[in-house]
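Counting starts at 1 for both ligands and their atoms, following the listed order.
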Amino acid sequence: MTEKNNTNSYTPVIGLEIHVQLKTKSKMFCDSPNNPDETVPNTNICEVCTAQPGTLPVANKEAIRLGTLLGLALNCKIANSSKFDRKSYFYPDLPKGYQISQYDKPIAEHGYLDINVDGVVKRIRIRRAHLEEDAGKNIHPEGLGYSLVDYNRAGTPLMEIVTEPDITSAKEARIFLEELRNIVRYIGAGSADMEKGTMRLEPNISVRKPGQQELPNYKVEVKNINSFKFAEAAIEYEIQRHIEMLSEGQTPKQVTMGWNEKASQTVEQRSKEEANDYRYFPDPDLPVLKLSEEYISNLKTSLPELPAAKRQRFKEEYALPDEDIQNLVNWKELTEYFEEVVSEIQAWIQADRSKEDLLKLVKMAANWCLQDFSALLNAAKINPSESRITQENFAELLKHIADAKISVTAAKQVFAKMFEHGGEPDHIIEDLGLSQISDTAAIESAVDQVIKANEKAVLDYKAGQQKSFGFLVGMAMKELKGKGNPSLVNEILKKRLE
Ligand code: ADP
Ligand code: MG
């Protein structure tokens with residue numbers, strides 16, 4: 001299938017190659033720890049991942065499980081029989097002189113991922129996804145005159161995901177990446193963190209000329225992209241560069257570019273003409289990877305609710321705005337927390353309240369999760385599960401706001417205290433003396449006093465000056481030391497003035 005180009009403009013063609021590091025205890029083919037946060041170089045290594053003579057690889061069962069899960073989540077056909085191949089090239093961070101990868105028989109093929117582009121669902125086909133091992137890292141300390149190698153990462157498990165060239169804008173590429181990141185996190189396959197390098201992107205880019213139907217006969221690959229923002233910027237930069245060249249009758253060279261963060265542009269790294277000949281052949285040290293139908297179908301049933309299904313459910317059950325849903329679902333741990341708060345609300349709201357009340361509270365829960373809670377979590381650099389606010393107390397506080405026991409302003413104060421020290425909202429409200437006055441008699445007496453003391457304002461209001469009403473509300477609130485329930489104060493004042 002080639003995308004029909006029925007416009008008379010330049011149309012970008014983009015295919016992505018993405019490496020996702022799998023979160024296993026040990027490496028792909030040995031029992032050295034797989035720890036992306038290790039800071040001491042060359043500690044998580046052994047004879048196998050540093051390629052000592054006579055050592056043999058053994059495939060990691062958990063990596064195979066996670067890879068299969070990811071393939072299934074991407075709607076791929078999982079191969080009952082796949083194999084590992086040697087991809088040979090020479091580089092100091094690759095101790096064996098070859099990388100163990102999968103060439104012509106990958107573990108997963110022919111999948112797709114549906115993405116939502118401004119409300120329109122677009123299907124991006126996944127050509128293949130295969131298991132492989134990562135290389136180490138070369139380090140070039142400034143001014144030393146020599147380089148160092150850290151093999152901690154050598155042999156850690158990766159899934160490489162390759163899409164068909166179905167993507168037609170930088171924005172679509174970013175949406176695809178974000179959705180993939182979400183999926184990897186939801187199924188527990190990895191942290192998929194571009195900044196930390198546990199998810200790495202190499203986009204391939206070309207541009208069709210107006211009216212051109214077939215795929216362009218060139219493509220440019222971009223490396224060194226380490227954030228979603230740079231992914232979008234790098235692709236956009238390339239698209240514009242190609243359009244400029246094509247409109248001058250030139251064809252961009254088939255090269256590998258690198259994203260230069262400081263200059264906000266891509267720079268040529270090497271030309272594809274000198275591309276390596278990898279001399280792939282089956283790794284004789286590893287058996288064919290056989291997965292039974294039962295194994296595959298068990299994993300398929302074990303898949304959790306994926307982001308797209310969750311978004312759909314949030315829309316149907318909670319009627320939340322799309323943007324809230326998107327923002328919640330993009331943070332897996334926050335979504336889990338939110339759902340626990342909602343179930344607390346549901347348990348408490350029971351039958352005596354309407355569906356409307358429930359939805360109002362759920363919307364409130366979403367707002368508090370996305371605003372105050374997110375801000376505090378981000379400032380403290382922690383995840384929701386690490387916060388001192390229990391889901392029960394979170395729900396309790398929302399209930400007090402809904403029941404007008406405290407004002408929203410006061411609730412923010414209580415929330416901050418809860419975040420800092422934990423504790424129940426009732427106690428904190430009492431300690432801080434924040435509970436809101438909803439006692440009608442108390443409000444009436446305050447209102448009466450204010451009316452008596454402000455004759456002129458009362459007359460002005462009766463003469464039609466709305467401003468005076470606001471003034472009288474302010475005075476009544478002052479009388480109530482700021483704790484009057486605002487809607488009650490308004491209501492009672494209006495009645496008394498009639
Ligand atoms: P190669 O053999 O050079 O690695 P592949 O055919 O394996 O190329 O494709 C690698 C990636 O490039 C895939 O993600 C694919 O979708 C993408 N791709 C293929 N052709 C184009 C093109 N004309 N423009 C942009 N991306 C492309
Ligand atoms: Mg390729």
Chemist: Between T335 and Y186, is there a side-chain heavy-atom distance shorter than 4.5 Å?
Modeler: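 Yes; the side chains approach each other to less than 4.5 Å.
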Chemist: Keeping N42 on the side-chain end and Y151 on the backbone end, is there a donor-acceptor pair under 3.5 Å?
Modeler: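 A pair under 3.5 Å: yes.
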Chemist: Below 4.0 Å from ligand 1: does a non-hydrogen atom of R127 turn up there or not?
Modeler: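 Per 4.0 Å heavy-atom rule, R127 contacts ligand 1.
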Chemist: Taking 4.0 angstrom as the limit and counting only heavy atoms of E164, give me the atoms of ligand 1 inside it, by number and element.
Modeler: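 Result: 16 (O).
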Chemist: Within the 4.0 Å heavy-atom shell around L16, which atoms of ligand 1 are there?
Modeler: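 Atoms satisfying the 4.0 Å criterion: 14 (O).
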Chemist: Need the ligand 1 atom indices (1-based, order shown) with element for anything under 4.0 Å from a heavy-atom of G15.
Modeler: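 What qualifies from ligand 1 is 14 (O), 16 (O), 17 (C), 26 (N).
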Chemist: Just heavy atoms, cut-off under 4.0 Å: does N217 contact ligand 1 by side chain, backbone, both, or neither?
Modeler: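 None of N217 does.
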Chemist: Heavy-atom distances under 4.0 Å are what count here, so tell me which part of K219 touches ligand 1: side chain, backbone, both or neither.
Modeler: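 It is the side chain that touches ligand 1; the backbone stays farther off.
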Chemist: Find all atoms of ligand 1 within a distance of less than 4.0 Å from any non-hydrogen atom belonging to Y218, and give their numbers and elements.
Modeler: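 Taking each heavy atom of Y218 in turn, ligand 1 has 23 (N) under 4.0 Å.
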Chemist: Determine, step by step, whether T168 and K122 satisfy the side chain to side chain donor-acceptor pair (under 3.5 Å) criterion, reporting the C-alpha distance in whole Å, the side-chain angles of both residues, the deciding distance to 0.1 Å, and the verdict.
Modeler: CA-CA 11 Å; T168 50; K122 176 161 180 182; 3.2 Å; yes
Chemist: Purely on distance, is any nitrogen or oxygen of P165 under 3.5 Å from one on ligand 1?
Modeler: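 Looking only at distances, the answer is yes, because the N/O contact criterion of under 3.5 Å is met.
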Chemist: Relative to ligand 1, is V162 under 4.0 angstrom through side chain, backbone, both or neither, heavy atoms considered?
Modeler: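 V162 to ligand 1: side-chain contact only, backbone stays beyond 4.0 Å.
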Chemist: Quick one: do E62 and R65 make a salt bridge, cutoff under 4.0 Å?
Modeler: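 So E62 pairs with R65 through a salt bridge.
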Chemist: State the NZ-OG distance between K219 and S206, to the nearest 0.5 angstrom.
Modeler: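 The distance works out to 9.0 Å.
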Chemist: Would you call the rings of F29 and F84 parallel, tilted or perpendicular, taking 30° and 60° as the class edges?
Modeler: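 Correct class here is perpendicular.
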Chemist: Short question: side chain of N44, backbone of N34 - any donor-acceptor pair under 3.5 Å?
Modeler: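 Pair absent, no side-chain N/O of N44 close to backbone of N34.
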